There are 2 protein chains.
Amino acid sequence: MRLLADPARAAIVDLLAAGPACTCHLVDDLGLTQPNVSNHLRALRHAGVVKAEPYGRYTYYHLNADALEAAAAHLTDLAARARAAADRRREC
Amino acid sequence: MRLLADPARAAIVDLLAAGPACTCHLVDDLGLTQPNVSNHLRALRHAGVVKAEPYGRYTYYHLNADALEAAAAHLTDLAARARAAADRRREC
DNA sequence: CCGACGCATCACCGGAAACTGATATCACCA
DNA sequence: TGGTGATATCAGTTTCCGGTGATGCGTCGG
């Protein structure tokens, strides 16, 4: 989930949220070089955030909604714990 | 929300989820140097993730649950959009 | 009022990560 | 089957960011 920190990767995820797309789409829309986009996709792929689907000579990528929801659940858990312990102050 | 990418900051947020604490607590628990922790806290403070509360000669920090929930909401929104557009594939 | 303590800020350094260019691979088409 | 286009990978460079040391400020205790 620390992968969404990079603006380029955040933009990729945002584009893929609108529907599966191949690498050339992302390259066009983002204005980045092809190897650059491909590297970001590899990082996201290894983290399980996106899934690659070879389609003839193209490669379609689509988001893994489960991974995003898992990250979201972790944040809501943190928020809930923070609220519950809001006034349990540790003394020095 | 790209701030939680750093492991040190994630650890700080995790500790603060257990209840408000002053800088010295975080320094002790994390084993990091004091300026280092203070720098991370400044970043988190400017992003609105944590709130500082001067208390005599100490400074207590506590999480801003709203900010965490907002980030979580953004992720769930991405996941929902991904599911909705899962089969809306763009052609090359 | 002076020493000690908690905390913040600044300048600097080193390492990691993003971008680039070149290249390899595979699928399609003529 | 040779050429082209789409994609992945790799080595090199540059940029950015986290860690460290030194320092300043405010607060408490003697």
Side-chain angles (χ1 to χ4, degrees), chain A residues 1-16 18-64 67 71 88-92, chain B residues 1-16 18-64 67 71 88-92:
Chain A
M1 112 126 194
R2 57 174 296 173
L3 292 170
L4 306 176
D6 187 81
R9 281 193 295 256
I12 289 178
V13 169
D14 201 65
L15 278 180
L16 290 181
C22 72
T23 309
C24 57
H25 287 142
L26 303 174
V27 170
D28 287 345
D29 294 351
L30 298 174
L32 303 175
T33 62
Q34 179 268 323
N36 190 8
V37 172
S38 202
N39 276 325
H40 286 305
L41 285 173
R42 171 167 50 167
L44 293 170
R45 198 189 331 144
H46 279 114
V49 178
V50 304
K51 221 176 64 184
E53 207 173 323
Y55 190 78
R57 125 175 89 165
Y58 308 104
T59 305
Y60 275 87
Y61 283 90
H62 61 87
L63 284 184
N64 179 9
R88 195 176 299 170
R89 188 167 50 193
R90 297 169 60 183
E91 298 301 331
C92 274
Chain B
M1 111 127 195
R2 58 175 296 176
L3 293 169
L4 307 176
D6 187 80
R9 278 189 298 252
I12 289 178
V13 170
D14 200 67
L15 277 179
L16 290 182
C22 70
T23 309
C24 57
H25 287 142
L26 302 174
V27 171
D28 287 344
D29 293 351
L30 298 173
L32 302 174
T33 62
Q34 180 268 321
N36 189 8
V37 173
S38 201
N39 276 325
H40 287 305
L41 284 172
R42 171 168 50 169
L44 293 170
R45 199 188 331 142
H46 278 112
V49 178
V50 304
K51 222 177 63 182
E53 207 172 322
Y55 190 78
R57 128 171 90 165
Y58 308 105
T59 304
Y60 275 86
Y61 282 91
H62 62 87
L63 285 183
N64 180 10
R88 194 176 301 172
R89 188 166 49 194
R90 297 169 60 181
E91 299 301 330
C92 275

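All of these numbers come straight from a predicted model, not from anything done at the bench. Below, chains carry the letters A, B, ... as their sequence lines are ordered, and counting in each starts from 1.
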Task: Heavy-atom donor-acceptor pair, Gln34(B) side-chain to dA8(C) base, under 3.5 Å - done: yes
Task: Any Tyr58(B) side-chain nitrogen or oxygen under 4.0 Å from OP1 or OP2 of dA8(C) - done: no
Task: Where Gly48(B) and Ala67(B) come nearest, the two heavy atoms and their spacing - done: O-CB, 3.6 Å
Task: Nearest listed nucleotide, side chain of Arg42(A), among dC10(D), dA8(C), dT4(D) - done: dC10(D)
Open item on the list: Quick check: closest heavy atoms across Ala11(B) and Leu30(B), and the distance to 0.1 Å?
Closed with: CB-CD2, 3.6 Å
Task: Closest-nucleotide ordering on DNA chain D, the 5'-leading residue of Asp6(B) and Cys92(B) - done: Cys92(B)
Task: Check: Leu41(B) and Leu26(B) side chains under 4.5 Å, non-hydrogen atoms - done: yes
TODO: Please work out if Arg2(A) contacts a base, only the sugar-phosphate, or nothing of the nucleic acid, heavy-atom cut-off 4.0 Å.
DONE: nothing
Task: Identified side chain to side chain contact (heavy atoms under 4.5 Å, CB included) partner of Ile12(B) from the options Leu44(B), Leu3(B), Asp6(B) - done: Leu44(B)
Task: Nearest listed nucleotide, side chain of Thr23(B), among dA8(D), dA8(C), dC10(C) - done: dA8(C)
- [ ] Ignoring the backbone of Cys22(B), work out which of dC5(C), dT9(D), dC7(C) is nearest its side chain.
- [x] dC7(C)
Open item on the list: Below the 4.0 Å mark, does dG21(C) have OP1 or OP2 next to a side-chain nitrogen or oxygen of Thr33(A)?
Closed with: no
TODO: Write down the distance between CG (Asn36(A)) and C1' (dT7(D)), rounded to a whole number of angstrom.
DONE: 14 Å
TODO: Rounded off to whole Å, could you give me the CG-to-P distance for the Leu30(B) and dG19(D) pair?
DONE: 11 Å
TODO: Kindly give the heavy-atom pair with the smallest separation between Leu4(B) and Ala10(B), and that separation in Å.
DONE: O-CB, 3.9 Å
TODO: For Ser38(A), answer base if it contacts any base atom (sugar-phosphate contacts may also be present), sugar-phosphate if it contacts only those atoms, and nothing otherwise; contact means non-hydrogen atoms under 4.0 Å.
DONE: base
Task: Rounded distance in Å - CG (Leu32(B)) to P (dG6(C)) - done: 17 Å
Task: Sugar-phosphate only, base, or nothing, as touched by Tyr55(B) at under 4.0 Å among non-hydrogen atoms - done: nothing
Open item on the list: What's Tyr60(A) touching, base or sugar-phosphate or nothing? Going by heavy atoms closer than 4.0 Å.
Closed with: nothing
Task: For atom NE2 of His25(A) and atom C1' of dA6(D), their distance in whole Å - done: 12 Å
Open item on the list: Between P on dC7(C) and CG on Asn39(B), what's the gap in Å once rounded to a whole number?
Closed with: 14 Å
Open item on the list: What is the separation between atom CG on Leu3(A) and atom P on dA18(C), rounded to the nearest whole Å?
Closed with: 9 Å
Task: Distance below 4.0 Å between His40(B) side-chain N/O and dG19(D) OP1 or OP2 - done: yes
Task: Flag side-chain contact, heavy atom, 4.5 Å: Asp29(A) against Arg90(B) - done: yes
Open item on the list: Quick check for you: among dG18(D), dA8(D), dT4(D), whose closest atom lies nearest to any side-chain atom of Arg57(A)?
Closed with: dT4(D)
- [ ] Starting at atom CD of Glu53(B), determine the distance to atom P of dT27(D), rounded to an integer number of angstrom.
- [x] 16 Å
Open item on the list: In this structure, how many angstroms lie between the P atom of dG6(C) and the CD atom of Glu91(A), rounded?
Closed with: 15 Å
